[in-house]
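Let me begin by presenting the structure, written as structure tokens, before commenting on it.
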2 protein chains.
Amino acid sequence: MTEVEGTDTRTRLLEAAADLIAAAPGEDFSLRAVCDAAGVKMPTLYHFFGNKQGLIEAVVERGFDMYLSAKSSTESSGDPIQDLRLGWDAHVAFGLENPGFYTLMYGKVRPGYSPEAQSKPSEILRGLTLKAEQDGRLVVGYEQAAAHVLATNIGVTLRLIIQGKNDPELSAGVREGVLAAITGTGQSEPGDGRLGHSVIERAAANPGILGETETQLLIQWIGRLGEV
Amino acid sequence: MTEVEGTDTRTRLLEAAADLIAAAPGEDFSLRAVCDAAGVKMPTLYHFFGNKQGLIEAVVERGFDMYLSAKSSTESSGDPIQDLRLGWDAHVAFGLENPGFYTLMYGKVRPGYSPEAQSKPSEILRGLTLKAEQDGRLVVGYEQAAAHVLATNIGVTLRLIIQGKNDPELSAGVREGVLAAITGTGQSEPGDGRLGHSVIERAAANPGILGETETQLLIQWIGRLGEV
DNA sequence: TCAACCTCCGTATCGTTGTTACATCGGACT
DNA sequence: AGTCCGATGTAACAACGATACGGAGGTTGA
């Protein structure tokens, strides 16, 4: 810009690239456009990022940071399954709000290609399923459960991005189906250590029936029943 | 070329493009390479396909034909749910065997972009879920069920392509979870009168755990959950 | 102090890409 | 025979990613 530019060049390039990507999702943006927006020539960009892929990865990493900071603020209900639910919704919401970033992060499908930054959210997800497993809530291994959740969560989000409009019913439907599948809801025998899980799942899946506080209380009470 | 060329030029271009795409998934192939492989100059390609996108769409359409012919040969069990299962597996198998085609068909994620040829398989899918609905097998609308199946099926397939190796456990797990979700099997049905009985009995048997009023409230809430 | 050095950045250029204007050839129809 | 149209080639364009090269400015070390 003609104004003073307090931010350093690298950051300016990164933000310019992020803007262009957000404006036109996909990776079909021009490095020259990025340089123009940042008020710099191309070798400068190459100096900082090596090549286009380097710039994209830096942008993606930045996107994941945004995603994680947006996610970490809304994820700690105590109940791991409920955390999975919140994480699912946060994932979908981020994808719909930032389709440009999201398609770069999860929409690029090449065999063997998995951005470095993807590992962090996956780690968090596995942490949640591990906790759920330790609580005896899963009927499949925690890694299997995490893969199950991840694949479907991405699938739904990409689908929603493609069709442009959000579809809470689809997202919630798939989400509950997935959670039911990994928790074995409906197949649990009384007294097998998973007391009341179907009730909890059902209540949490439909917060409108009981209301948020009642649902939370219900989960808490059933937990106390199970402890004894 | 020097050899005889029985196939017509358009087909040769199509096959050359398909080969290049299959060799290096994605759409980052050169039109000149296609022309060289087909023994033709570029204006010929433009004469038949207009532009690169046109060529890609033609290749995609060809891919869908392959997919459908591979699918239709293994899909008629009479039972719509079982057909969905077979269709799911055929979908995954095709994606893993033809990642190049598949990523072009379903891996391209741009808001509002949906290849023409995609509508055919989606139509078939909706036909199956409609039949299932008419048979009274679904607990959600057939369109919702179809969207549910499609999003997860694509999600799993893309995931398997990315991680290179097949994972029948993941595919089957998600598949059964999805089918359970749309058919209602494995989940406690609304109004089946059994939701939370073990919880209620335990609470009623031990009024000291929650206290009288809480227990009463719990029973009431679970009743409301079951009514819906 | 001064020369070596490193970071940052511009000039100019290269090879490749998608795309198009224009010309050519050959068969089909009138 | 003449005209038209589909199919193909020649040549060129602009935009792209990438790179070789050089220079300005500050920092460092003897």
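Lettering follows sequence order; numbering is per chain, from 1.
Scanning for ring-ring contact (aromatic ring centres under 6.0 Å, His included) contacts around B:H148 gives an empty result, with sequence neighbours left out. Considering only residues two or more places apart in sequence or on other chains, A:D167 meets the salt bridge (Lys or Arg N to Asp or Glu O under 4.0 Å) condition with none of them. Taking A:K120 as the reference, A:D65 meet the salt bridge (Lys or Arg N to Asp or Glu O under 4.0 Å) condition, with sequence neighbours excluded. Evaluation of the salt bridge (Lys or Arg N to Asp or Glu O under 4.0 Å) rule for B:K52 yields no partner, not counting sequence neighbours. Under the rule for a ring-ring contact (aromatic ring centres under 6.0 Å, His included), the partners of B:F64 that lie at least two apart in sequence or sit in another chain are B:Y106. Under the side-chain hydrogen bond (donor to acceptor under 3.5 Å, both in side chains) criterion, A:S171 pairs with A:W88, sequence neighbours left out.
Each of B:P43 and A:P43 has a nearest nucleotide on DNA chain D; the 5'-most of these lies closest to B:P43. Between A:H47 and A:R32, the residue anchored nearer the 5' end of DNA chain C, judged by the nucleotide with its closest heavy atom, is A:H47.
If you check every strand for non-hydrogen atoms under 4.0 Å, B:F48 touches sugar and phosphate atoms only. Contacts of A:F49 with the nucleic acid, taken as non-hydrogen atoms under 4.0 Å apart, are absent.
When DNA chain C is scanned 5' to 3' for any atom under 4.0 Å from a heavy atom of chain A, the first and last hits are C:dC8 to C:dT11. The outermost nucleotides of DNA chain D lying under 4.0 Å from heavy atoms of chain A, listed 5' to 3', are D:dC16 to D:dA20.
A salt bridge does not link B:R85 with B:D79: every distance from a Lys NZ or Arg NE/NH1/NH2 to an Asp or Glu carboxylate oxygen is 4.0 Å or more.
Sorted by first and then second residue, the side-chain hydrogen bond (donor to acceptor under 3.5 Å, both in side chains) pairs with a member in residues 91-104 of chain B read B:Y67-B:H91, B:H91-B:Y102; sequence neighbours excluded.
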